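Everything on this sheet refers to the single structure shown next.
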Number of protein chains: 2
Amino acid sequence: MRYAVLGTGIVGRTIAGKLASLGHDVVIGTRDPGATLARTAPDGMGNPPFAQWHADHGQVRLETFEAAAAFAEAVVNTTAGEQSLNALRAAGASNLSGKVLIDVANPLDFSAGMPPTLDPVNTDSLGERIQRAFPDAKVVKTLNTMNCFVMVEPARVAGEHTVFVSGDDTGAKKTVTALLGSFGWPEASVIDLGDITSARGVEMLLPIWLRLYGTLGHGDFNFHVQGARPGA
Amino acid sequence: MRYAVLGTGIVGRTIAGKLASLGHDVVIGTRDPGATLARTAPDGMGNPPFAQWHADHGQVRLETFEAAAAFAEAVVNTTAGEQSLNALRAAGASNLSGKVLIDVANPLDFSAGMPPTLDPVNTDSLGERIQRAFPDAKVVKTLNTMNCFVMVEPARVAGEHTVFVSGDDTGAKKTVTALLGSFGWPEASVIDLGDITSARGVEMLLPIWLRLYGTLGHGDFNFHVQGARPGA
């Protein structure tokens with residue numbers, strides 16, 4: 001399948017690399033491909049510049065948001081939450097129309113320093129904002145509640161653990177659940193929380209995720225809903 | 001030990017009953033004991049009136065918030081979040097001073113209908129508000145992330161699952177961890193998230209908890225942090 005992954009950070013790279021390794025045709029979208037490739041410094045979290053990653057992943061092309069979305073049958077939003085709506089506008093509503101739009105982003109607000117807060121929160125969510133802004137896209141919020149390495153390799157965390165899906169389109173959630181299966185998520189680990197308003201709940205997991213990351217000192221953990229299945 | 005449980009709802013009754021069954025000396029605090037006992041109708045969730053529960057739990061006394069807190073060596077706040085600060089003011093700062101104050105409440109705001117939102121949220125929490133309002137109390141936020149029946153009988157949910165503790169006083173958190181042990185929580189299931197600002201994260205679990213409650217159709221589930229312990 002043809003995928004566009006919007007965002008060149010560690011989350012986008014990790015998902016794009018996984019999709020390509022599964023045989024999909026993957027384009028990463030960015031605002032300005034030339035500028036992205038010209039960067040030589042590590043990002044704020046110490047990840048190597050994109051060009052270095054790209055040299056090892058030549059099968060993944062880098063294009064503008066618009067060209068990437070136009071090419072794709074399904075789109076994955078991995079941009080920073082505060083940039084997501086702008087990135088998707090650059091991708092273009094017509095290039096998102098009718099497509100599954102997997103939203104992995106979190107609306108973290110670093111404007112008041114660490115730890116980040118959420119904006120929107122409580123009475124709205126980034127997932128809902130994206131669905132409202134692009135009513136013809138089939139938005140599915142998922143995978144935002146864990147480290148990106150766990151997203152594409154759930155076996156990094158021993159035992160059963162949970163991935164949530166939220167969205168208004170049942171068919172799109174089925175498509176995403178199948179994709180998650182190809183990432184290594186057993187179907188029994190996927191919990192469908194209902195419509196896109198349930199994105200509030202999964203985005204609001206971020207503050208405790210960040211606390212746990214600090215407390216545990218590593219990102220190889222995940223939430224599991226114990227008791228979700230009778231007898232399990 | 002002498003416990004005051006503030007609040008006569010299902011959470012307060014369940015915790016008070018458990019504490020009494022463990023041999024503690026327990027008083028439930030309420031605004032107006034006469035009015036509480038005079039009620040004959042079920043509450044909004046269909047729970048029987050307090051007097052009916054009390055008839056089966058004669059060893060638990062009912063007193064004013066103030067008398068209950070004055071009597072107790074440790075206090076448990078199970079009042080509705082929007083009422084908690086008023087209830088604690090009625091209990092009296094001097095009656096809370098130096099004591100462990102276990103905060104089980106969630107700041108659910110039903111003013112805009114269902115589902116409730118949180119107030120405060122994101123940049124503040126009820127746990128922090130209580131600690132700021134009563135700086136001489138040793139506030140420990142815990143148990144607010146699950147159904148009250150699971151709080152006092154974790155084995156209702158099969159498998160390992162997690163209870164969080166948040167608070168500024170390490171000794172108070174140790175005391176609470178020991179109490180949780182007497183409720184049936186293995187020490188390995190208790191995650192200390194750090195200071196009371198981490199109450200934000202655990203209170204922000206409520207929206208997804210409420211979604212899961214609706215999706216699963218029962219309350220016998222709980223969050224487990226998978227991967228929290230090396231090799232576990």
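To find a chain, count down the sequence lines: A is the first, B the second, and so on, and within it residues start at 1. Note that the structure is predicted; figures quoted are calculated from it, not measured.
Neither the backbone nor the side chain of B/D109 comes within contact range of chain A; no heavy atoms are under 4.5 Å apart. Looking at B/N122, the atoms closer than 4.5 Å to chain A (heavy atoms on both sides) sit in the backbone and in the side chain alike. Contact of A/S198 with chain B is made through backbone and side chain together, with heavy-atom distances under 4.5 Å. Contacts of B/L216 with chain A are made by side-chain atoms alone, with heavy-atom separations under 4.5 Å and no backbone atom involved. With a 4.5 Å cut-off on non-hydrogen atoms, B/L206 does not touch chain A at all. Only the side chain of A/V121 comes within less than 4.5 Å of a heavy atom of chain B; its backbone N, CA, C and O stay farther away. For A/L210, no part lies under 4.5 angstrom from a heavy atom of chain B.
To the nearest 0.5 angstrom, A/T123 atom OG1 is 11.0 Å from B/D119 atom CG.
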Stepwise side-chain contact (heavy atoms from CB on, under 4.5 Å) test for A/D192 and B/T215 = CA-CA 8 Å; A/D192 181 347; B/T215 298; over 6 Å; no
message = Evaluate B/F164 against A/I208 for side-chain contact (heavy atoms from CB on, under 4.5 Å), listing each step before the verdict.
response = CA-CA 10 Å; B/F164 302 101; A/I208 193 167; 3.7 Å; yes
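Within a 6.0 Å sphere centred on CZ of A/F110, other residues, nucleotides and ligands contribute more than 12 heavy atoms. The environment of CZ in A/R31 is sparse: at most 12 heavy-atom neighbours from other residues, nucleotides or ligands sit within 6.0 Å.
Of the listed residues (A/W209, A/F223, A/F221), the one with the most heavy-atom contacts under 4.5 Å to chain B is A/F221. Counting heavy-atom pairs closer than 4.5 Å to chain B, the top residue among A/V157, A/L193, A/V150 is A/L193. Counting heavy-atom pairs under 4.5 Å between each of B/D220, B/L118, B/L205 and chain A puts B/L118 at the top.
Using modelled atom types, one finds a donor on one side chain and an acceptor on the other under 3.5 Å when comparing A/T197 with B/R211.
Nearest heavy atoms, A/P207 versus B/G201: CB-CA, 4.0 Å.
The main-chain N or O of A/Q226 is never found under 3.5 Å from a side-chain atom of B/N222 such that the two would form a donor-acceptor pair.
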